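Okay, structure first, notes after.
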Amino acid sequence: MSISSSQLARRRAVRTRSKLRKVSTLRPRLSVFRSGRHIYAQIIDDTAGRTLAQASSKDKDFKGAKGSNIEAAAEVGKLVAERATGAGVSDVVFDRGSYLFHGRVKALAEAAREGGLNF
């Protein structure tokens with residue numbers, strides 16, 4: 001019996017989020033979602049159930065021509081870091097979901113760190 005890739009991704013997401021639950025009560029989490037064409041990032045306060053800041057490659061402030069490459073992910077990382085510091089958030093927990101820390105997800109995380117977020 002083989003396991004489908006969507007089942008494996010779901011397992012990775014559950015495993016990642018179960019580790020984050022231990023520390024996400026102390027700090028908001030930076031959640032990343034990527035599709036084939038765009039990348040999205042939002043900072044979520046799980047205790048209040050609110051989104052504090054968000055950015056995506058579909059925003060008006062996004063300056064990249066294409067939303068599905070590493071440069072676009074870095075731009076979104078800078079945008080979300082800028083908006084988070086504007087909202088008074090500097091320490092976050094990085095929630096990569098079921099995605100590997102590689103490529104666009106890594107570029108977004110590094111740009112967010114350069115923008116002033118600590119995780």
Side-chain angles (χ1 to χ4, degrees):
M1 177 158 95
S2 79
I3 299 173
S4 70
S5 62
S6 64
Q7 289 172 328
L8 290 173
R10 182 70 188 142
R11 284 184 184 179
R12 279 193 308 272
V14 168
R15 186 172 58 237
T16 302
R17 295 228 170 86
S18 68
K19 292 175 186 175
L20 291 178
R21 274 193 207 111
K22 298 171 187 170
V23 291
S24 66
T25 58
L26 306 173
R27 298 182 283 178
R29 68 184 160 101
L30 171 60
S31 179
V32 176
F33 174 75
R34 65 179 174 88
S35 69
R37 292 182 178 209
H38 297 285
I39 190 159
Y40 309 83
Q42 58 182 345
I43 297 182
I44 304 165
D45 182 5
D46 287 322
T47 56
R50 291 184 39 220
T51 299
L52 304 174
Q54 65 83 29
S56 75
S57 57
K58 294 174 82 173
D59 281 351
K60 294 177 186 176
D61 298 336
F62 180 71
K63 295 180 177 62
K66 191 175 179 183
S68 61
N69 55 18
I70 291 176
E71 292 81 18
E75 178 73 25
V76 171
K78 290 176 189 174
L79 277 174
V80 77
E82 177 184 312
R83 292 176 182 174
T85 54
V89 176
S90 61
D91 295 329
V92 296
V93 177
F94 187 68
D95 178 11
R96 61 181 176 84
S98 64
Y99 309 114
L100 299 176
F101 191 79
H102 182 74
R104 291 191 283 162
V105 175
K106 182 179 178 182
L108 188 143
E110 289 175 351
R113 279 189 189 122
E114 290 173 7
L117 291 180
N118 299 321
F119 53 90

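Worth saying up front: this structure is predicted, and the values here are computed from it rather than measured. Residue numbers count from 1 along this sequence.
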remark   = When rounded to the nearest 0.5 Å, the distance separating OG of S57 from CZ of R37 is 11.0 Å
message = For the CZ atom of R12 and the CG atom of L100, what is their distance to the nearest 0.5 Å?
response = 5.5 Å
query = Hey, does the side chain of S56 reach the backbone of K58 with a donor-acceptor pair shorter than 3.5 angstrom?
reply = yes
request  = Evaluate the salt bridge (Lys or Arg N to Asp or Glu O under 4.0 Å) criterion for residues R50 and D45: first the C-alpha distance (whole Å), next the side-chain angles of each, then the deciding distance (0.1 Å), finally the verdict.
outcome  = CA-CA 5 Å; R50 291 184 39 220; D45 182 5; 5.8 Å; no
Cluster check L117, Y40: I/L/V/M/F/W/Y, side chain < 4.5 angstrom = yes
request  = Report the distance from atom CZ of R96 to atom CZ of R17, rounding to the nearest 0.5 Å.
outcome  = 10.5 Å
task = Taking ring pair (Phe, Tyr, Trp, His ring centres under 6.0 Å) as the test, write out the residues that go with F62, two or more places apart.
result = none
query = Which atom names give the shortest non-hydrogen contact between R104 and G67, and what distance separates them?
reply = NH1-O, 4.1 Å
request  = Looking only at non-hydrogen atoms, find the nearest pair between A112 and L30 and report the distance.
outcome  = CB-CD2, 4.3 Å
ask   = Between atom CG of L26 and atom OG1 of T47, what is the distance when rounded to the nearest 0.5 Å?
value = 10.0 Å
inquiry  = Strictly distance-based, threshold 3.5 Å: is any side-chain N or O of E110 a donor or acceptor partner for the main-chain N or O of A107?
reply    = no
Going by atom type alone, with no hydrogens or angles, which donor-acceptor pairs under 3.5 Å involve a side-chain atom of residues 75-93 and a protein atom two or more places apart or on another chain?
unit_1: R83; atom_1: NH1; unit_2: Q54; atom_2: O; d: 2.7
unit_1: R83; atom_1: NH1; unit_2: D59; atom_2: OD2; d: 2.7
unit_1: R83; atom_1: NH2; unit_2: D59; atom_2: OD2; d: 3.4
unit_1: R83; atom_1: NH2; unit_2: D61; atom_2: OD2; d: 2.8
unit_1: T85; atom_1: OG1; unit_2: A81; atom_2: O; d: 3.1
unit_1: T85; atom_1: OG1; unit_2: E82; atom_2: O; d: 2.9
unit_1: D91; atom_1: OD1; unit_2: N118; atom_2: ND2; d: 3.1

Nearest-0.5 Å distance, CZ of residue R29 to CD1 of residue I43 = 11.5 Å
ask   = Looking only at heavy atoms, which two atoms of S68 and G36 are closest? And how far apart?
value = CB-O, 3.2 Å
message = I'd like to check I3 versus R11 (side-chain heavy atoms, cut-off strictly below 4.5 Å). Are they in contact?
response = yes
request  = Check the hydrophobic clustering (I, L, V, M, F, W, Y; side-chain heavy atoms under 4.5 Å; chains of links allowed) and say if I39 and F101 are grouped together.
outcome  = yes
inquiry  = If we ignore hydrogens and angles and just use 3.5 Å, is the side chain of T16 paired with the main-chain N or O of G97 as donor and acceptor?
reply    = yes
key: Considering all heavy atoms, the nearest R15-S18 contact   = O-OG, 2.8 Å
query = Parallel, tilted or perpendicular: which describes the rings of F94 and F119, with under 30° parallel and over 60° perpendicular?
reply = parallel
request  = Answer whether the closest heavy-atom distance between the side chains of P28 and I44 falls below 4.5 Å.
outcome  = no
